[in-house]
Q: 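Next up is a structure, given as structure tokens.
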Amino acid sequence: MPIRKPLVAIVGRPNVGKSTLFNRLMGERRAIVEDTPGVTRDRQYGEAELLGRFIQLIDTGGFDPLETEGMLPMMRRQAQIAIEEADAIIWMTSVRDDVTPADEEIGRVLRRSPKPVFCAVNKCDADGLEAEAVSFYSLGVDHVFPIAAEHNRGVLDLMEEIVATLDKLKAFEGEEIDDGTETIEAEELEALKAQRGGHVERVRICVVGRPNVGKSTLINALVGHERLLATNIPGTTRDAIDVDFAHEGQGYTLIDTAGLRRPSRVTESVEQYSVSRTVRALERSHIAVLVLDATQSLSDQDARISSLIERRGRACCIVVNKWDLVEKDDKTMQAYEADLAEQMPYMAHAPILFISALTGRRVHKVIQLVNRTFDAFNTQIGTSRLNRWLEDVVAWRQPPVYRGKRLKLYFASQVSTRPPKLRIQVNTDKAVSAHYKRFLLGRLREEFDLDGTPVRLEFIKKQARRARTAFYDPAERPEMPTMFDLDAMSDDEIDGVGWDDETLDSAQGAIDSWDSMDLDGDDDYSGGADDQDDDDDDDDDDGDDAQDDADDDGDHGDDLDAWPDADGPVNTDSEARVSAALVDSDSPVEDPSEDNPDTVDGTIA
């Protein structure tokens, strides 16, 4: 189970630099920063490292206790929740505004809390401004930290004091917390990570759609409490907010995003940042939940958003919200689905669910739909099963013909997952038509239950099999012995050859072994033995035995005559025949007249 880390909340009036300090401590631009009050509205969590220690930071919206209208009261409620959760509080003020009534009211609220409070006076980017920060001691704080978060000035002193205080409180000695997810054994976890694509501990779900379709309301309904700021005012959500929760042992990260409007209507810089954060959130997610407003007809912007999901290769579920406000009959759903298929044909594979996030109707089915879609998104198909499917598909419908040559599908394999990508070897990739590719995708989704996930098909031309070639390094080539044709060399040439000791010893050993062989006692090589056998059989068939004796004597005589004394020349042809006979004594010695064109009547010319 995970270890709880200390929580440090950043609170203060609007536009005092809370998000700037949050990004500085995080080491990255996690929150939108703009010189406009009210940019940050929801609580945003992030893990930061301070001097080698890890903490959880909470960025909050502007905390103004004196405002009672608009979204400021709701933003104040979000800040109060962060104060209740935190172990320590960074109270941000601005030296340029001096002490305001709102600061005094926030001070009274924080003094009632037993948690340590660090008063950071921001925007002290000049030496003279640091002296003016002394006036904030009037708020009843023990210590004031003049900083400039944008220029990283004075931030180190603040970090050291926070770490030292948390050490005294033993906040870093966190206990294990139950986050609702199942604990996986180390061996099983390693096996899961070794699979293709690795193991996913938390399924990341990005909730996207047009402004004011109910994205934040849907997330609040899923987590069971008011985690995000939700109003009926378009554009309430500005930044991409991650919300972690667990359901039936599985961890999820819901990402709330800003509503996407048509590009021509995006004029403010804050909204441009919001669109950029939405696209980045979509890219780091596994599944996109496209939320549509049932009270409004489908628009071109809905089609653009769905096209963005398809191009980014994310799995998709379509959730039609506010279904409780629609006058309907038993055919309303079918009519809406038909309209959806006509407006967004490339999302025809995405499952559709009709819900009401405000009343909670069918909200529990959203996670079930997400699980099925993620299973399809993470599908791994065996190669043998995939090729059996390919054979059936080709047999059911023949591929098209291209320039008089029919397309052939040889082999298919899955090369990656999330999303599934298949590679098919063909005789020519130019013959793959768009309609046949759509046909393959449709049959693939039907066979392997791939609804909701994009599938990438890659057709490659099968390469001709090349002959295997053995390569060697000439520098490492072994030295081969020099071969000489002794029959073609004169005695003077033979004497002139430089023989090494190893070669001479080997040759002498071979000569000695042949000299020591007693061929007379061998029936296969001794003419005398054959004659003795023939004499014993003369009574049976004198004529045949006499002819056999003559043949045997002639054959073996030639073989024996071919081997001279040690001092004589060597006949290589006869040596090869006799060596073969020594290996297999049962096989007859071939007639030299049959293979050697230089022999006449069995005699070597």
Q: Given side chain to side chain contact (heavy atoms under 4.5 Å, CB included), test Ser269 with Glu34 step by step and report yes or no.
A: CA-CA 8 Å; Ser269 59; Glu34 184 71 12; 3.1 Å; yes
Q: Which value, rounded to the nearest 0.5 Å, describes the distance between Thr428 atom OG1 and Ile460 atom CD1?
A: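 Reported to 0.5 Å precision, the distance equals 12.5 Å.
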Q: Heavy-atom count check: over 12 atoms from other residues, nucleotides or ligands less than 6.0 Å from Asp35 CG?
A: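 Counting neighbours around CG of Asp35, 12 or fewer heavy atoms of other residues, nucleotides or ligands fall under 6.0 Å, so no.
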Q: Show the numbers, then the answer: is there a side chain to side chain contact (heavy atoms under 4.5 Å, CB included) between Ser306 and Glu310?
A: CA-CA 6 Å; Ser306 61; Glu310 177 70 18; over 6 Å; no
Q: Can you list every salt bridge (charged side-chain N to carboxylate O under 4.0 Å, His left out) pair that touches residues 281-301, not counting sequence neighbours?
A: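 Non-adjacent pairs meeting salt bridge (charged side-chain N to carboxylate O under 4.0 Å, His left out): Asp242-Arg284, Glu283-Arg312, Asp293-Lys322.
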Q: Does NZ belonging to Lys405 count more than 12 external heavy atoms closer than 6.0 Å?
A: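 At most 12 heavy atoms, drawn from other residues, nucleotides or ligands, come within 6.0 Å of this atom.
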Q: Using a 6.0 Å cut-off, check whether atom CZ of Arg262 has over 12 heavy atoms from anything other than its own residue.
A: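 No, the 6.0 Å shell around CZ holds no more than 12 heavy atoms from other groups.
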Q: Please state whether the rings of Phe374 and His286 are parallel, tilted or perpendicular, taking 30° and 60° as the class boundaries.
A: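 Aromatic pair Phe374/His286 classed perpendicular.
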Q: Is a side-chain donor or acceptor of Arg41 paired with a backbone partner of Thr236 at a separation under 3.5 angstrom?
A: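 Yes.
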Q: Checking Asp324 against Leu358 for the side chain to side chain contact (heavy atoms under 4.5 Å, CB included) test, could you report, in this order, the C-alpha distance in whole Å, the side-chain angles of both residues, the deciding distance, and whether it holds?
A: CA-CA 9 Å; Asp324 57 319; Leu358 187 62; 5.5 Å; no
Q: What I want to check is whether the side chains of Tyr402 and Asp429 have a donor and an acceptor closer together than 3.5 Å.
A: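 No, because no side-chain N or O of Tyr402 sits under 3.5 Å from a partner of the opposite role on Asp429.
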Q: With a 3.5 Å distance limit and no angle check, can you tell me whether Arg314 reaches the backbone of Ser285 through a side-chain donor-acceptor pair?
A: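 Side chain of Arg314 to backbone of Ser285: a pair is present.
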Q: Does atom CD (Glu271) have a neighbourhood of more than 12 heavy atoms from anything else shown, all under 6.0 Å?
A: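 Yes.
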Q: Is it true that a side-chain atom of Arg43 and a backbone atom of Thr60 form a donor plus acceptor pair closer than 3.5 Å?
A: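 It does not hold such a pair.
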Q: Looking only at side-chain N and O atoms, does Arg24 offer a donor or acceptor that is under 3.5 Å from a partner on Thr20?
A: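 Short answer, no.
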Q: Under 3.5 Å, is there a donor-acceptor pair between the side chain of Asn387 and the main chain of Thr383?
A: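 Pair found, side chain donor or acceptor close to backbone of Thr383.
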Q: Please check: side-chain N/O of Ser274 versus main-chain N/O of Arg238, any donor-acceptor pairing under 3.5 Å?
A: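 At least one qualifying donor-acceptor pair exists.
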Q: Could you tell me whether the side chain of Tyr336 reaches within less than 4.5 Å of the side chain of Leu298, counting heavy atoms only?
A: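 In contact.
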Q: Can you tell which of Val289, Leu222, Val203 makes a side-chain contact (heavy atoms from CB on, under 4.5 Å) with Leu254?
A: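 In the set Val289, Leu222, Val203, the residue that makes a side-chain contact (heavy atoms from CB on, under 4.5 Å) with Leu254 is Leu222.
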Q: Can a salt bridge be assigned to the pair Lys437 and Glu458 using a cut-off of 4.0 Å between side-chain N and carboxylate O?
A: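 Answer for the salt bridge query: no.
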Q: Does either side chain, that of Thr217 or that of Asn220, offer a donor lying less than 3.5 Å from an acceptor on the other one?
A: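 No - no donor-acceptor pair under 3.5 Å links their side chains.
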Q: State, with a plain yes or no, whether a side-chain heavy atom of Val155 is found less than 4.5 Å away from one of Leu25.
A: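 Heavy-atom side-chain distance check passes, below 4.5 Å.
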Q: Report the C-alpha separation of Ser307 and Arg311 in whole Å, then their side-chain angles, then the decisive distance to 0.1 Å, and conclude whether the side chain to side chain donor-acceptor pair (under 3.5 Å) test is met.
A: CA-CA 6 Å; Ser307 177; Arg311 293 197 309 271; 2.8 Å; yes
Q: State, yes or no, whether a side-chain contact exists between Gln80 and Phe63 at a heavy-atom distance under 4.5 Å.
A: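 Yes, close enough: below the 4.5 Å cut-off.
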Q: For the rings on Trp396 and Phe439, is their centre-to-centre separation under 6.0 Å?
A: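 Judged by ring-centre distance (under 6.0 Å), Trp396 and Phe439 do meet the cut-off.
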Q: Can you tell me which residue pairs pass the salt bridge (charged side-chain N to carboxylate O under 4.0 Å, His left out) test with a partner in residues 78-89, sequence neighbours excluded?
A: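 Only Arg4-Asp87 qualify under salt bridge (charged side-chain N to carboxylate O under 4.0 Å, His left out).
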Q: Spell out, as yes or no, whether a donor-acceptor pair under 3.5 Å connects the side chain of Asn23 to the backbone of Ala31.
A: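 Yes.
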Q: Give the intermediate values and the outcome of side chain to side chain contact (heavy atoms under 4.5 Å, CB included) for residues Phe459 and Leu440.
A: CA-CA 12 Å; Phe459 298 90; Leu440 291 177; 3.8 Å; yes
Q: Does a side chain donor of either Asn378 or Arg418 reach within less than 3.5 Å of an acceptor in the other side chain?
A: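 Result is yes, a qualifying pair exists.
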Q: How long is the straight-line distance from CD of Gln463 back to CD of Gln425, given to the nearest 0.5 Å?
A: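 Rounded to the nearest 0.5 Å, the CD-CD separation comes out at 9.0 Å.
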Q: Roughly how far, to the nearest 0.5 Å, is CG of Leu353 from CH2 of Trp323?
A: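 Spacing of CH2 (Trp323) from CG (Leu353) equals 11.0 Å.
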Q: Tell me every residue that passes side chain to side chain contact (heavy atoms under 4.5 Å, CB included) with Arg406, counting only those two or more places apart in sequence or in another chain.
A: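 Gln398, Val401.
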Q: Side chains of Ile32 and Ser19: closer than 4.5 Å at any heavy-atom pair?
A: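 No; the side chains remain at least 4.5 Å from each other.
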Q: Taking the side chain as every heavy atom from C-beta outward, state whether Trp389 and Arg443 have any atom pair closer than 4.5 Å.
A: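 SC-SC contact between Trp389 and Arg443 confirmed.
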Q: Going by the salt bridge (charged side-chain N to carboxylate O under 4.0 Å, His left out) test, which pairs reach into residues 208-217, not counting sequence neighbours?
A: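 For residues 208-217, and leaving out neighbouring residues, the salt bridge (charged side-chain N to carboxylate O under 4.0 Å, His left out) pairs sorted by first residue read Arg210-Asp302.
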Q: How many angstroms lie between CZ in Phe245 and CZ in Arg202, if you round to the nearest 0.5 Å?
A: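 The CZ atom of Arg202 is 9.0 Å from CZ of Phe245, to the nearest 0.5 Å.
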Q: Taking salt bridge (charged side-chain N to carboxylate O under 4.0 Å, His left out) as the cut-off, I'd like each qualifying pair that reaches into residues 73-83, sequence neighbours left out, listed once.
A: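 The answer is none; no pair qualifies.
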Q: Distance check, rounded to the nearest 0.5 Å: Asp451 atom CG versus Thr373 atom OG1?
A: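 OG1 of Thr373 is found 8.0 Å from CG of Asp451.
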Q: Between the side chain of Asn427 and the main-chain N/O of Lys408, is any donor-acceptor distance below 3.5 Å?
A: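 Indeed, once roles are kept as given, a pair shorter than 3.5 Å links the two residues.
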Q: Does Leu228 offer a backbone N or O that forms a donor-acceptor pair with the side chain of Asp42 under 3.5 Å?
A: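 Not confirmed, Asp42 side chain does not pair with Leu228 backbone.
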Q: Rounded to the nearest 0.5 Å, how far apart are CZ of Phe354 and CZ of Arg361?
A: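 Between atom CZ of Phe354 and atom CZ of Arg361 there are 11.5 Å.
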Q: Does the side chain of Thr379 come within less than 4.5 Å of Thr453's, by heavy atoms?
A: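 No, too far: nothing below the 4.5 Å cut-off.
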Q: Answer yes or no: is there a side-chain heavy-atom contact under 4.5 Å between Leu422 and Leu441?
A: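 Result no, sub-4.5 Å side-chain heavy-atom pair not found.
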Q: Counting C-beta onward and ignoring hydrogens, is there a side-chain heavy-atom pair between Met92 and Ile10 closer than 4.5 Å?
A: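 In short, these two side chains touch, coming nearer than 4.5 Å.
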Q: Sub-3.5 Å donor-acceptor pair from the side chain of Asn122 to the main-chain atoms of Val16, do we have one?
A: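 The answer is yes, because a donor-acceptor pair under 3.5 Å joins these two groups.
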Q: Between Ser113 (side chain) and Leu110 (backbone), is there a donor-acceptor pair under 3.5 Å?
A: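 Not confirmed, Ser113 side chain does not pair with Leu110 backbone.
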Q: Kindly check if the number of other-residue, nucleotide or ligand heavy atoms within 6.0 Å of CD (Gln272) is above 12?
A: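 Atom CD in Gln272 is packed in, count exceeds 12.
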Q: Of all residues at least two apart in sequence or in a different chain, which pass the salt bridge (charged side-chain N to carboxylate O under 4.0 Å, His left out) check with Asp103?
A: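 Once residues adjacent in sequence are excluded, the partners of Asp103 under the salt bridge (charged side-chain N to carboxylate O under 4.0 Å, His left out) criterion are Arg13.
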